[in-house]
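Down below is the structure, laid out as structure tokens.
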Amino acid sequence: QVQLVESGGGLVQAEGSLRLSCAASGRTFSTQGMGWFRQAPGKEREFVAAASGYGTSTSYADSVKGRFTISRDNAKNTVYLQMNSLKPEDTAVYYCAAANTYYRGSDSNGYNYWGQGTQVTVSS
């Protein structure tokens, strides 16, 4: 059974940093796309970032470009999200997602597996 487990969320002040991790088990995702989404209270889930199988190709939402970095360690079957210069509007539950294919886009329907989410709260 495939599981994605996020960690690294928490409370941080504005302009601070956090690094989220997502460890996959049950199968490897070396060549498949993996990504991060987030959902703030009262809002739709939105795309944050995604990376190709070997992390050679990445994409980001405009709202996080230049501040967030997605990376992968296929030896650990883990994807990371380094978040710098955090803003209060980044407050949300962050979800890890993995695809059965090479898909690494912004459409949540392209992903087949989801983690339970980790809360990130940025105070002003």
Side-chain angles (χ1 to χ4, degrees):
Q1 182 178 355
V2 174
Q3 280 193 312
L4 302 179
V5 179
E6 302 99 335
S7 61
L11 173 64
V12 64
Q13 290 189 327
E15 296 303 314
S17 298
L18 282 174
R19 188 175 85 150
L20 305 183
S21 299
C22 171
S25 61
R27 61 166 286 184
T28 60
F29 291 94
S30 301
T31 60
Q32 287 76 22
M34 295 187 76
W36 290 93
F37 287 73
R38 67 186 182 186
Q39 187 167 18
K43 294 189 175 181
E44 300 275 326
R45 187 173 297 190
E46 65 175 3
F47 171 74
V48 176
S52 60
Y54 292 96
T56 54
S57 181
T58 58
S59 57
Y60 296 92
D62 287 342
S63 59
V64 307
K65 276 180 185 175
R67 300 188 299 123
F68 291 11
T69 303
I70 187 171
S71 62
R72 300 180 61 154
D73 184 341
N74 284 341
K76 296 181 178 180
N77 216 19
T78 299
V79 63
Y80 304 96
L81 186 68
Q82 177 67 44
M83 306 186 294
N84 299 328
S85 302
L86 283 160
K87 305 175 181 180
E89 50 264 43
D90 294 318
T91 295
V93 176
Y94 283 70
Y95 297 91
C96 172
N100 276 333
T101 67
Y102 300 131
Y103 186 76
R104 58 164 184 84
S106 59
D107 186 349
S108 61
N109 292 318
Y111 298 90
N112 304 95
Y113 306 100
W114 293 85
Q116 294 294 319
T118 185
Q119 176 71 48
V120 172
T121 304
V122 184
S123 63
S124 57

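The model shown is predicted, which means the values in this text are computed figures rather than measured ones.
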Report the distance from atom [atom1] of [X] to atom [atom2] of [Y], rounding to the nearest 0.5 Å.
X: Thr31; Y: Tyr102; atom1: OG1; atom2: OH; result: 5.0 Å
X: Ser124; Y: Gln13; atom1: OG; atom2: CD; result: 9.5 Å
X: Tyr113; Y: Gln1; atom1: OH; atom2: CD; result: 10.0 Å
X: Gln116; Y: Cys96; atom1: CD; atom2: SG; result: 11.5 Å
X: Tyr80; Y: Trp36; atom1: OH; atom2: CH2; result: 10.5 Å
X: Arg104; Y: Phe47; atom1: CZ; atom2: CZ; result: 8.5 Å

Please answer whether the main-chain N or O of [Y] pairs with a side-chain N or O of [X] as donor and acceptor at a distance below 3.5 Å.
X: Asn77; Y: Ala24; answer: yes
X: Ser30; Y: Thr28; answer: no
X: Glu6; Y: Gly117; answer: yes
X: Tyr95; Y: Gly35; answer: no
X: Arg72; Y: Ser52; answer: yes

If you compare all heavy atoms of [X] against all heavy atoms of [Y], which two are closest, and at what distance to 0.1 Å?
X: Ser85; Y: Arg67; answer: O-NH1, 2.9 Å
X: Tyr111; Y: Ala50; answer: OH-CB, 3.4 Å
X: Asn112; Y: Asn100; answer: OD1-N, 2.6 Å
X: Ala40; Y: Ala92; answer: N-CB, 3.8 Å
X: Gly105; Y: Phe37; answer: O-CZ, 4.5 Å

Give a yes or no on whether [X] and [Y] share a hydrophobic cluster (residues Ile, Leu, Val, Met, Phe, Trp, Tyr; joining criterion: side-chain heavy atoms under 4.5 Å apart).
X: Leu4; Y: Leu18; result: yes
X: Leu81; Y: Leu86; result: yes
X: Val48; Y: Met34; result: yes

Original post:
So do Arg38 and Thr91 actually touch side chain to side chain, heavy atoms under 4.5 Å?
Top reply: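 When only atoms from C-beta onward are counted, Arg38 and Thr91 do not touch, as no gap falls below 4.5 Å.
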
Subject >> Side-chain touch Met83/Val12, heavy atoms, less than 4.5 angstrom >> reply: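 The answer is no, as the side chains (C-beta and beyond) never meet within the 4.5 Å cut-off.
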
Original post:
Thinking salt bridges, do Asp62 and Lys65 make one under a 4.0 Å N-O criterion?
Top reply: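 Counted as a salt bridge, because a side-chain N and a carboxylate O are separated by less than 4.0 Å.
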
Original post:
With distance as the sole criterion, is a donor-acceptor pair present between the side chains of Arg45 and Ser108 under 3.5 Å?
Top reply: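 No, Ser108 and Arg45 have no side-chain donor paired with an acceptor closer than 3.5 Å.
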
Original post:
In this structure, are over 12 heavy atoms from other groups packed under 6.0 Å from Glu89 atom CD?
Top reply: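 More than 12 within 6.0 Å, yes.
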
**OP:** Tell me whether the guanidinium CZ or amine NZ of Arg27 lies under 6.0 angstrom from the six-membered ring centre of Phe29 and within 45° of its axis.
**Re:**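 The answer is yes, since Arg27 meets both limits relative to Phe29.
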
Original post:
Should the pair Tyr94 and Phe68 be assigned to parallel (<30°), tilted (30 to 60°) or perpendicular (>60°) ring geometry?
Top reply: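 Ring orientation, 0 to 90° scale: tilted.
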
Subject >> Identified side chain to side chain contact (heavy atoms under 4.5 Å, CB included) counterpart of Ile70 within the set Val79, Val64, Leu20 >> reply: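 For Ile70, the side chain to side chain contact (heavy atoms under 4.5 Å, CB included) check succeeds only for Val79.
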
